[in-house]
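Heads up, the thing below is written out as structure tokens.
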Amino acid sequence: MTPLPLRVATLAGDGIGPEVTHAAVAVLRTVCDRYDVPLELEALPYGATWYLATGEGFPSGEPKRLARSFDAILAGALGDPRVRDHAHVRLIRHALLTELDLYANLRPAEQLLPALSPLARVQAGQARVQLMVISENLEGFHPDRDRRVRVTDDEDAHVTEEWHTPHLVARLLRFAFAWAQSRGRRRVTLVDKTNLVPAHRLWRHAFQTVASDYPDIAHDVRLVDTVAHDLVRAPERLDVLVTTNLFGEILSDLTAGLVGGLGIAPSANLHPGRCSLFEPVHGSAPDLVGTGRANPLAAIRTVSLLLDTCGHREAAAMVDAAVMASLQAHVTTPDLGGRATTGAVTEYVVRHVRTRPLVRDGE
Ligand code: ATP
């Protein structure tokens, strides 16, 4: 039986976005070809250049069309020095997250090679890092919830609000426990700052309620500062971290750093059963544009996350194996200590996916 087509819209975006998305699409095409998954691709033109030409993020109605027509959106990066305050990022990325209701942000940090970690304990085999940061994507701190409050005759204070709504918090916590259960993970840790932010008590309350529905999964509650400390001292004691958008952004850069850096860190913005947005954790890295030094592995590993989420686990495993092979062969860009270009790493991964025996579930 021919599998259903996998329908993917690509949003290459700005900076190194087009370069790494080109790499990701090459791998996606190759792996879908090998596993006989019909692939339907459409390249979306949105990004800084589109915004500067039209004054809008995308045409009205576009999120609804994307939700109807695609299983996933594969994004590169958004961010461009020509656009003040990255206004277009809000109009494109934030608007897509909101309109598609992509409430769960997932950032895995898996130790691929011990040598890629800056931690001596990991390199010595005394600690193994396998972390997932799941954060709320639609509320918490958001730049458009910023206002000025007059505090003296000549001074305004800036107030950025943090919002937490009980049913949205509970929805994310349920997602985190269900995800942990489906992946055989052992512990879910709530990361908050209840001692400074009273609104975080709401998270603790909901966490205890949701956790009681998952008696097989250990759970605990930790302050973000102690988690930051322990991620460096004893990362092997942590597993799935669930938290607010701000803490998720900060901690996931730290967890990416623990296993090899932004050059290999993928992410997903999910709403189970709906068209979701997949993107590398890194931004547009203007310093690397056109140099051949952009590491494509974050975008390629994002393809693996997309395939896995869309039910193509064997194809995802094949991409993971190819990434691992490139690391083991030291075919890496300079951020990982290698001398290969973006194109050379991509070619290596594509060749591996094209030529290796097929991985089948259960093998
Ligand atoms: P933006 O404003 O779009 O977030 P940025 O440059 O401030 O862009 P990132 O793109 O996340 O933030 O990158 C920070 C630095 O990390 C970059 O300047 C770059 O040197 C490095 N970096 C990011 N992505 C990669 C990558 N794919 N390969 C190699 N180095 C990277």
Side-chain angles (χ1 to χ4, degrees), residues 10-27 46-52 57 74-94 96-97 105 107-109 112-113 116-118 133 135 137 141-143 245-246 248-267 269 277-305 319 323 326-327 330-349:
T10 58
L11 202 173
D14 311 322
I16 60 169
E19 297 166 48
V20 298
T21 304
H22 181 73
V25 168
V27 174
Y46 314 123
T49 304
W50 171 281
Y51 169 75
L52 290 169
L74 176 64
L78 289 170
D80 189 307
R82 293 174 298 166
V83 182
R84 225 179 109 226
D85 294 337
H86 289 337
H88 68 303
V89 181
R90 261 203 295 291
L91 289 175
I92 302 171
R93 186 175 178 280
H94 299 183
L96 281 177
L97 298 183
N105 184 284
R107 298 187 173 189
L112 300 175
L113 286 187
L116 296 182
S117 176
V133 179
S135 60
N137 229 6
F141 272 108
H142 271 290
N245 71 336
L246 180 66
E249 289 245 347
I250 298 167
L251 291 181
S252 62
D253 267 33
L254 171 50
T255 57
L258 288 178
V259 292
L262 288 177
I264 58 171
S267 83
N269 305 277
L277 177 76
F278 298 82
E279 59 192 346
V281 172
H282 65 70
S284 58
D287 53 320
L288 299 180
V289 175
T291 63
R293 294 167 67 92
N295 191 341
L297 292 184
I300 291 171
R301 296 188 70 222
T302 300
V303 164
S304 163
L305 200 53
V319 174
V323 167
S326 77
L327 295 173
H330 303 294
V331 181
T332 55
T333 42
D335 57 304
L336 297 184
R339 287 205 301 242
T341 61
T342 312
V345 174
T346 308
E347 261 171 48
Y348 188 96
V349 173

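Counting starts at 1 for both ligands and their atoms, following the listed order. Basis for what follows: all heavy atoms, side chains included, without hydrogens, waters or symmetry-related copies.
Of the listed residues (Leu288, Thr342, Asp80, Thr333), the one carrying the non-hydrogen atom nearest atom 25 (C) of ligand 1 is Leu288. When the heavy atoms of Ile264, Val89, Asp253, Asp287 are ranked by distance to atom 19 (C) of ligand 1, first place goes to Asp287. In this structure, of Pro296, Ser284, Gly79, the residue bringing a heavy atom nearest to atom 3 (O) of ligand 1 is Ser284.
The nearest heavy-atom contact from the protein to atom 28 (N) of ligand 1 is Asn295 N, 2.8 Å. Looking only at heavy atoms of the protein, atom 2 (O) of ligand 1 is closest to His86 NE2, 3.4 Å. The protein atom (non-hydrogen) at minimum distance from atom 23 (C) of ligand 1 is His282 CB, 3.7 Å.
The side-chain heavy atoms of Leu336 and Leu116, taken from C-beta on, include a pair separated by under 4.5 Å. With a 4.5 Å cut-off on side-chain heavy atoms, Leu305 and Pro108 count as touching. Here the side chains of His86 and Asp14 are not in contact, with every heavy-atom distance at 4.5 Å or above.
For residues 250-266, the side-chain hydrogen bond (donor to acceptor under 3.5 Å, both in side chains) pairs, not counting sequence neighbours, are Arg107-Ser252.
Atoms of ligand 1 lying under 4.0 Å from any heavy atom of Leu78, numbered from 1 in the order shown and given with element: 3 (O).
Look at Gly15 and you'll find every heavy atom at least 4.0 Å from all atoms of ligand 1.
If you check the side chains of His282 and Asn295, you find no donor sitting under 3.5 Å from an acceptor.
Atom CG in Asn269 sits 9.5 Å away from atom CG in Leu96 (nearest 0.5 Å). Taken from CZ in Arg90 to CG in Leu78, the straight-line distance is 12.5 Å, to the nearest 0.5 Å.
Under 4.0 Å from ligand 1, the heavy atoms of Ile16 that appear belong solely to its side chain.
Where the criterion is an N or O separation shorter than 3.5 Å, residue side chain and backbone included, Gly283 meets it with respect to ligand 1.
Under the side-chain contact (heavy atoms from CB on, under 4.5 Å) criterion, Val259 pairs with Ala109, Gln111, Val129, sequence neighbours left out.
Distance screen at 4.0 Å: atom 15 (C) of ligand 1 has no protein heavy-atom neighbour inside the cut-off.
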